[in-house]
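So you know, we letter chains A, B, ... as the sequences are listed, proteins then strands, and number each from 1. All values reported here derive from a predicted model rather than from experimental measurement. For the numbers below, each heavy atom of this structure counts, side chains included, while hydrogens, waters and symmetry mates do not.
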Amino acid sequence: MFSVNLPGKIKFTCWLCLLLHAEECLGGETRNLEVMPIHLVKNGASLDPQVLAQLQPVPIPLLTPTSDCTGKTVKGRVIHKGPLVSMGDDSYVLKTVIQEEDTQQSPSSEHSSINVVLLGALAKSYFEHVSQGDVLLLAGFTVGKSPTVNKDKFHVCNLQLCGDDASVYVFLSSTLSPRSSIPSKRTFPHGTEVTKAAKVAKYTYVSLSNLKPGIVVNIYAVVCFFKQPFQTKGTDYCSTLKITDQSNNKVGCTIFCDKLEEHPKIFKIGDIIRLHRVKTQLFNGAISLLTSHGFSVVTFDGTVGSPVVPRTSSRSFKFDEEDQHAVEALRMWAANQSLVPTEPSVPLSSVQPKAYFDLTCQLLAKAPVDSSCTLLKVWDGTKCAYPLLNVFVEPNTFEGSPTLSQNVENLTANILVYDNHVQVARELKPGTYLRLYNLHAVPVASRLPGNGSEQSDETEHLGFHLHGGTSYGRGLRVLPDDSPDVKDLKKILETFSDMNDSLLDVWNTPPESFDSAPVELATERTCDHTVDPVTLAEAKSKGLPQVFHVKAQLKSYQPQKLYQSLKLFCRKCKFIQDVPDDDTVQGVFLEAQKDDGPCEGYWSLEVHLPREPRCELPSRTLTLHMFSQLEGKAKELIFLKGATLEETCLIASAYRNIVPVRSQGTMTLLDLSAPFLFRGTRRYYGCKQCSKVNLKGPPGEEIEVMDENSVAEALGVQLLQYGLLMKLELQDETTSLETLLWRDAEPFFHVSAVDAAADQQAQERVQEIMERLCPPGSNMVERPWLDLCLSAYSVEEDGQRRTCYQICHTATRCPNPHNTPSDT
DNA sequence: GATTAGGTTTTG
């Protein structure tokens, strides 16, 4: 900014007399002017707000010879520019005519065009730099009677600008071509410059200490109190504010506007506000501000050093370096005042019972309670020091996820929003970031049932009420995702998404838009058919048989003990059974030891075992049999008689195929409740119903591979297959659905069931996956979403047909590749 | 085209 301060009192003396001879008469008297130095704009820099604060635009037609023009401005387009008349001694005079631009206000050109007389250096400058068609803003003028009104039919007044208090601001004409709308600099004397700004009006901002009743002003200030817009009894919404500035005056401001988006976007005390065209009014002995015609408002964050980003819904608004400076100056000033509130925004973790506070949070779910109350479930990523009250609402009334009513981690706050706020709350979408103003932390003493002691059982649960009314600024508003406070909040919330990176995305994404906004899903479909995704509720309602693609979360699963999910089933008779436990198997082995007769036709190796003192077993003979000692595949198959389960396992770890047998003269297999074959750590079972055991001869030499299938076939055993069977309860935003995971469980977990039965690591992998899909102690918001292919089919159960759903063609993704355990 | 509200705690 460039400003020239000239001596305070200027006496119009000799050269003023010369003007009496000029075309325009200036009145001829010697006057004292208010101190008002010349201010010229340089390089678009802002003017001194202290000075501009005193300026007030006046339409040309409203000027009268008696108008007090102190602090007034006039704006108009140059329609005539006269010659520069030299008065000697470097004194000049120039006459020009400007016309009011707003023709609606002044249809009569007689009253909208006015003569302007410029004197001295300003006249010379004007001559050099102002052209016809330019739009000017004049300040520091005086009004006199126009001596030429009869001749030129212009305004009865003229404007006189001279010397130190006069300012001329030049704007580009709006009729100029786009090429010439680029701002151009014009050099004024004394090395000063005027910037031509493209169709941008200059605003002058008034200090709150300089407000007189009944004027329209522009204001820059800091917000020290505010209410969110509320519906009036009239046609508009009303925002009630109290603002202050460097003058330390606090001024009330009432904003009426029928459009919510045109109300000031104030998020917290300390925000900076710029008001255009508010009128001053005396109310209860104090000046207050009220919206007037053409009102507009822009707000800014009040934090020193943060980016100066105007908050406005207006598509065109003036914002330049001047505004930047004004905001920064107010921020600096406010930082040293104690404006900032007694009840700041506090995290849930610092909330005290009975306190009123502002909460910045994310909306998880909402549900109407009754006509004057809505429940909001929110979190801010901090854990409240007091147990949080849970408010029960029918799950199907929630928008968001009904299971959010679980409050496992004491992170979800229940907020009851009453009366006038219900309407605002109704518009909110889960995932939105919010600020709730003047929230009331209401302690609810709840005594735990079943304990007589009254003292120790009083637990204070905190519920939160946004009471009706707007006292103390009560209300709520959505915060934009890019606001500094939301950015801070997101950082906190993100620390909770370690388990599942998609968590926040999920809540920012309505479930129905999954396909348009891809979300990291914990499972993926492997099917090659294409069907449109449906909700679980839609899947339930459709006919059979069907294949569905759904997105859902895992609500619960069974069995919780994963080894219980291991099953044996017969491909022939379809019978599914549990894998016998070791006690059962051991019992079969012990029973079989009684049948230790000879085995005709087999090569034998006998091992005599003495009675072990530790156990109850008598002394025994353990016999290894083979079809032949040396030849072919037969040597790979060992029949073991008289061993315990433990011994069989031990021997199986050293020999490839061990078949436990017994004999009452003829060798035969054990009861098929026990494995008929041990291969390493794997145990194979046969179907009691479908096997036709026959140990008559060695396995055929045509067998290329000696494995469970060929051994089973050679022994007449119908091999049972291992499988994993789980019941998964899925849930989406519509309903929950019980499904089975069976046919495609192995690809789902990336393990083979037989491994899961024999191998600790494989079991752990299944366990890990289930814990990822359904973390122990988690609530629904923490659980990942699954992309699933479901098939629906009908089964008959107790004479009744029932629809079953099975997860098919689906595999879990492995976000963290399985770590190979280090050697120990 | 004027009017609305004019900071100041529900009582759930």
Side-chain angles (χ1 to χ4, degrees), chain A residues 104 208 211 213 221-244 249-260 262-264 266 268-271 273 275 278-295 297 339-344 346 351-359 367-376 389-393 413-423 425 436-446 461-477:
Chain A
Q104 279 189 324
L208 293 176
L211 298 178
V222 184
V223 176
C224 43
F225 172 79
F226 66 103
K227 285 184 176 183
Q228 296 303 330
F230 57 92
Q231 202 127 39
T232 64
K233 288 173 185 157
T235 56
D236 295 339
Y237 288 93
C238 176
S239 294
T240 302
L241 322 176
K242 186 149 275 179
I243 58 175
T244 187
N249 286 59
K250 289 192 172 61
V251 176
C253 181
T254 306
I255 290 162
F256 290 114
C257 198
D258 61 346
K259 295 186 185 74
L260 272 175
E262 287 173 16
H263 278 259
I266 302 170
K268 58 180 173 188
I269 289 168
D271 280 355
I273 189 166
L275 296 154
V278 283
K279 64 181 175 223
T280 55
Q281 186 182 65
L282 212 52
F283 177 75
N284 282 347
I287 287 282
S288 63
L289 297 165
L290 197 64
T291 40
S292 79
H293 182 69
F295 160 81
V297 63
L339 293 174
V340 189
T342 47
E343 292 149 6
V346 296
V351 170
Q352 293 300 313
K354 296 180 183 171
Y356 289 89
F357 66 106
D358 297 347
L359 179 67
V369 175
D370 58 45
S371 62
S372 67
C373 184
T374 287
L375 173 65
L376 301 181
L389 185 73
N390 193 12
V391 178
F392 181 78
V393 175
N414 284 271
I415 294 169
L416 291 165
V417 169
Y418 290 100
D419 304 337
N420 51 316
H421 311 300
V422 166
Q423 194 192 342
L436 295 136
Y437 300 93
N438 199 235
L439 202 53
H440 190 186
V442 180
V444 179
S446 47
H461 282 75
L462 281 190
F464 299 95
H465 293 230
L466 188 66
H467 296 301
T470 62
S471 308
Y472 282 86
R474 271 201 305 273
L476 68 163
R477 83 168 295 146

Identify whether any heavy atom of A/Asp419 sits under 4.0 Å from a base atom; if not, whether one sits that close to sugar-phosphate; answer base, sugar-phosphate or nothing. base
So is the aromatic ring of A/Tyr472 stacked onto the base of B/dG7, judging by whether the centres are under 5.5 Å apart and the planes are under 30° apart? no
Among B/dA5, B/dT4, B/dT9, which is the nearest nucleotide to the side chain of A/Cys238? B/dA5
Rounded to whole Å, CD1 of A/Ile243 lies from P of B/dG7 at a distance of 15 Å
Can you measure A/Leu462 atom CG to B/dG12 atom C1' for me and round it to whole angstrom units? 16 Å
Given B/dA5, B/dG6, B/dG12, which nucleotide is nearest the side-chain atoms of A/Ser288? B/dG6
What is the distance, to the nearest angstrom, from the CZ atom on A/Phe295 to the P atom on B/dT4? 18 Å
Euclidean distance, atom CZ of residue A/Phe225 to atom P of B/dT9 [Å, nearest integer]: 11 Å
Quick check on B/dG6: is either OP1 or OP2 less than 4.0 Å from any side-chain nitrogen or oxygen of A/Lys227? yes
Output yes when a side-chain donor or acceptor of A/Asn414 lies under 3.5 Å from a complementary backbone atom of A/Leu389, and no otherwise. yes
Could you please spell out the steps behind the side-chain contact (heavy atoms from CB on, under 4.5 Å) verdict for A/Leu282 and A/Ile287? CA-CA 5 Å; A/Leu282 212 52; A/Ile287 287 282; 4.1 Å; yes
Check the distance between B/dA2's P and A/Asp236's CG and give it to me in whole angstrom. 13 Å
Tell me the interatomic distance from A/Asn284, atom CG, to B/dG7, atom C1', rounded to whole angstroms. 13 Å
Against the side chain of A/Arg474, the closest entry in B/dG12, B/dG6, B/dT9 is B/dT9
So if I take every side-chain heavy atom of A/Ser372 and compare against B/dG6, B/dG12, B/dT3, which nucleotide ends up nearest? B/dG12
Heavy atoms from C-beta onward define the side chain here; which of B/dG6, B/dT9, B/dT3 lies closest to that of A/Thr235? B/dT3
Run through A/Val278, A/Thr244, A/Leu211 and flag the one making a side chain to side chain contact (heavy atoms under 4.5 Å, CB included) with A/Val251. A/Leu211
Could you check whether A/Gly252 gets within reach of a base, just the sugar-phosphate, or nothing at all, counting any heavy atom under 4.0 Å? nothing
Rounded off to whole Å, could you give me the CZ-to-P distance for the A/Phe464 and B/dT9 pair? 21 Å
It should be established whether A/Ser471 places a side-chain nitrogen or oxygen under 4.0 Å from OP1 or OP2 of nucleotide B/dT8. yes
Can you measure A/Phe226 atom CZ to B/dT8 atom P for me and round it to whole angstrom units? 14 Å
Exactly one of A/His440, A/His421, A/Arg474 clears side-chain hydrogen bond (donor to acceptor under 3.5 Å, both in side chains) with A/His467, and that residue is A/His440
Of the candidates B/dA5, B/dG7, B/dT3, the side chain of A/Phe230 sits closest to B/dA5
Do side-chain atoms of A/Asp236 reach the backbone of A/Cys238 as a donor and acceptor pair under 3.5 angstrom? no
Any base atoms under 4.0 Å from A/Thr240, or only sugar-phosphate, or nothing? Heavy atoms, all strands. sugar-phosphate
Between B/dG6 and B/dT10, how far is it from one C1' atom to the other, in whole Å? 22 Å
Are A/Val351 and A/Leu439 side-chain neighbours, meaning at least one heavy-atom pair lies under 4.5 Å? no
Give one of base, sugar-phosphate or nothing for A/Gln228, where a contact means two heavy atoms less than 4.0 Å apart. nothing
Winner on side-chain proximity to A/Thr470, out of B/dA5, B/dG7, B/dT8, is B/dT8
With sugar-phosphate meaning primed atoms plus P, OP1 and OP2, does A/Leu241 contact a base, only sugar-phosphate, or nothing at under 4.0 Å between heavy atoms? nothing
Identify whether a stacking contact exists between A/Phe256 and B/dA5, where the ring centres must be under 5.5 Å apart and the planes under 30° apart. no
